[in-house]
K.L.:
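The structure is given below, and queries will be raised subsequently.
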Amino acid sequence: MTHPEQPDEETLIVACPNGPLLVRGPIEIVDPEGGQSMHTSRTVALCRCGVSTIKPFCDGTHKLVDFRTAT
């Protein structure tokens, strides 16, 4: 995905073992109702365990609940 303001920068998604998805590069996040979007070019950690209190972002709770991903 490219961002209009930074057309040459790529977006990379890395699935951390037993942890979040790290999104590096420009992204746009839109809530379920289609409102309030956020554009960023920094690294963002997105929750995969479903227990984070700041969804869709990771707050580290996966460590407390011993979240495990398939190998």
K.L.:
Determine, using the 4.5 Å side-chain heavy-atom cutoff (strictly less than), whether V44 and L22 are members of one ILVMFWY cluster.
P.N.:
no
K.L.:
Quick check: is V23 connected to I54 through a chain of hydrophobic side chains (ILVMFWY, heavy atoms under 4.5 Å apart)?
P.N.:
yes
K.L.:
Do T11 and P26 make a side-chain contact, defined as non-hydrogen atoms from C-beta onward lying under 4.5 Å apart?
P.N.:
yes
K.L.:
What's the spacing between I27 CD1 and R42 CZ if we round to 0.5 Å?
P.N.:
8.0 Å
K.L.:
Between V51 and F57, is there a shared hydrophobic cluster once you connect ILVMFWY residues whose side-chain heavy atoms come closer than 4.5 Å?
P.N.:
no
K.L.:
Any chance you could measure F67, atom CZ, to S52, atom OG, to the nearest 0.5 Å?
P.N.:
12.0 Å
K.L.:
Given 3.5 Å as the limit, does a donor-acceptor pair link the side chain of R24 with the main chain of T43, or not?
P.N.:
no
K.L.:
Should V30 and E28 count as side-chain neighbours, where that means a heavy-atom distance under 4.5 Å?
P.N.:
yes
K.L.:
Show the nearest heavy-atom pair for residues G25 and E9, with the distance to one decimal.
P.N.:
CA-OE2, 3.8 Å
K.L.:
Can you list every pair that meets salt bridge (Lys or Arg N to Asp or Glu O under 4.0 Å) and has a residue in residues 56-70, with sequence neighbours left out?
P.N.:
D66-R68
K.L.:
Please report the shortest heavy-atom distance between T69 and R48, naming the atom on each side.
P.N.:
CG2-NH2, 3.1 Å
